[in-house]
There are 2 protein chains.
Amino acid sequence: MSMDAVFRALADPVRRQLLDRLHARNGQTLNELCEGYDMTRQAVTKHVAILEQANLVVTQWRGREKLHFLNPVPIHNIAERWISKFERPRLDAISELKRKLEGKDHG
Amino acid sequence: MSMDAVFRALADPVRRQLLDRLHARNGQTLNELCEGYDMTRQAVTKHVAILEQANLVVTQWRGREKLHFLNPVPIHNIAERWISKFERPRLDAISELKRKLEGKDHG
DNA sequence: ATAATATGCAACCATTTGGTTGCCTATTCA
DNA sequence: TGAATAGGCAACCAAATGGTTGCATATTAT
């Protein structure tokens with residue numbers, strides 16, 4: 001479960017939107033996921049593959065259809081293991097800048 | 001404040017580590033940020049520029065030195081506006097899969 | 001004044017990325 | 001059985017990315 005694969009997967013707006021759409025309605029087929037994009041099915045397949053590699057999407061075959069399911073666990077992981085660290089900053093950037101400027105002015 | 005710029009900035013491990021290092025010690029110079037990388041200063045400059053464009057890093061000149069400060073606000077924003085949506089999933093992916101499989105098995 | 005330091009800027013390069021087209025396979029429908 | 005549907009796979013392509021080298025500029029130290 002590489003955090004790097006997850007961040008890279010989330011870097012593209014199309015892929016984030018695919019996750020949005022699965023969040024809105026889980027278990028969609030590839031063709032359903034293709035709807036509304038000005039892009040070939042093959043291009044969407046590539047995006048989905050990157051999401052699968054990051055374990056953000058899990059698939060299940062039903063006959064000739066491939067169903068796609070959102071897996072929110074990797075998102076939860078990066079939120080917990082990386083993003084949360086910056087949620088309570090040790091020092092606010094603006095006040096830090098002020099401190100530095102004051103140090104320059106008055107020091 | 002484009003969410004896309006932030007996600008793209010976070011996609012690279014070097015840039016995430018730069019944020020880590022600023023989180024550990026704020027206000028470092030470019031040369032300090034270069035330490036420990038097998039990469040030219042100019043390459044690090046490019047990474048920093050991408051972080052600046054995403055407003056994740058704010059800079060301040062002190063003489064010939066450029067000081068870098070972490071700005072956690074964009075991280076907070078994507079956490080709040082995008083990531084949090086997936087933190088309480090409507091349906092757990094595994095149970096969803098089970099439901100689908102049961103539907104298939106039991107008719 | 002001169003040298004060293006800290007950084008910027010531009011051109012260039014290889015690899016990755018995001019897309020395409022073309023064709024093949026498997027399942028379902030008539 | 002044959003056609004339509006859902007999808008996979010590979011080759012190819014342009015643009016973006018992540019890096020380099022070379023040189024210029026401004027500040028600081030001797």
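Scope of the values below: all heavy atoms of this structure, side chains included, with no hydrogens, waters or symmetry mates. Letters A, B, ... are given to chains in the order of the sequence lines, protein chains preceding strands, and every chain is numbered from 1. No experiment lies behind these values; they were computed from the predicted model shown.
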What distance separates Ile75(B) CD1 from Leu70(B) CG, expressed to the nearest 0.5 Å? 6.0 Å
CD of Glu65(A) versus C1' of dT27(C): gap in Å, rounded? 10 Å
Hey, is the main chain of Lys85(A) close enough, under 3.5 Å, to the side chain of His23(B) for a donor-acceptor pair? yes
Compare side-chain N and O positions of Thr40(B) against OP1 and OP2 of dT20(D) and report whether any pair is under 4.0 Å apart. yes
Measure from CD on Glu35(B) to P on dA6(C) and round the result to the nearest Å. 10 Å
Asn31(A) side-chain N/O to dG7(D) phosphate OP1/OP2 under 4.0 Å: yes
Within residues 7-18 of chain A: residues closer than 4.0 Å to DNA chain D (heavy atoms): none
CD on Glu32(B) to CZ on Arg25(B), rounded to 0.5 Å: 4.5 Å
To the nearest 0.5 angstrom, please state how far the CD atom of Gln17(A) sits from the CG atom of Leu22(A). 11.0 Å
From CG of Asp4(B) over to P of dT17(D), roughly how many Å is that when rounded to an integer? 10 Å
Search all heavy atoms of Ala54(B) against all heavy atoms of Ala5(B) and return the closest pair with its distance. CB-O, 3.6 Å
Only residue of Val48(A), Leu18(A), Val58(A), Leu51(A) satisfying side chain to side chain contact (heavy atoms under 4.5 Å, CB included) with His68(A) is Val48(A)
Can you measure Arg62(B) atom CZ to dA26(D) atom C1' for me and round it to whole angstrom units? 16 Å
Tell me if the side-chain of Arg64(A) makes a donor-acceptor pair with the base of dT5(D), cut-off 3.5 Å, by modelled atom types. yes
Roughly how many Å is it from CE in Met39(A) to P in dT17(C), rounded to a whole number? 16 Å
So how far is it from Leu33(A) CG to Arg21(A) CZ, rounded to the nearest 0.5 Å? 6.0 Å
Separation between NE2 of His76(B) and CG of Asn71(B), rounded to the nearest 0.5 Å: 11.5 Å
What heavy-atom pair brings Gly27(A) and Phe69(A) nearest, and what distance separates the two atoms? CA-CE2, 3.5 Å
Axial bend angle, the helix from dA1(C)-dT30(D) to dA30(C)-dT1(D): five-pair end segments, nearest 10°: 20°
Integer-rounded Å distance: dG19(D) P and His47(B) NE2: 4 Å
So which protein N/O to nucleotides 8-10 of chain C N/O distances come out below 3.5 Å?
unit_1: dG8(C); atom_1: OP1; unit_2: Lys66(B); atom_2: NZ; d: 2.9
unit_1: dG8(C); atom_1: N7; unit_2: Arg41(B); atom_2: NH1; d: 2.9
unit_1: dG8(C); atom_1: O6; unit_2: Arg41(B); atom_2: NH2; d: 3.0

Shortest non-hydrogen separation from Ala11(B) to Asp4(A) and the atoms involved: O-OD1, 4.0 Å
OG1 of Thr29(A) to NZ of Lys66(A): how many Å apart, nearest 0.5 Å? 11.5 Å
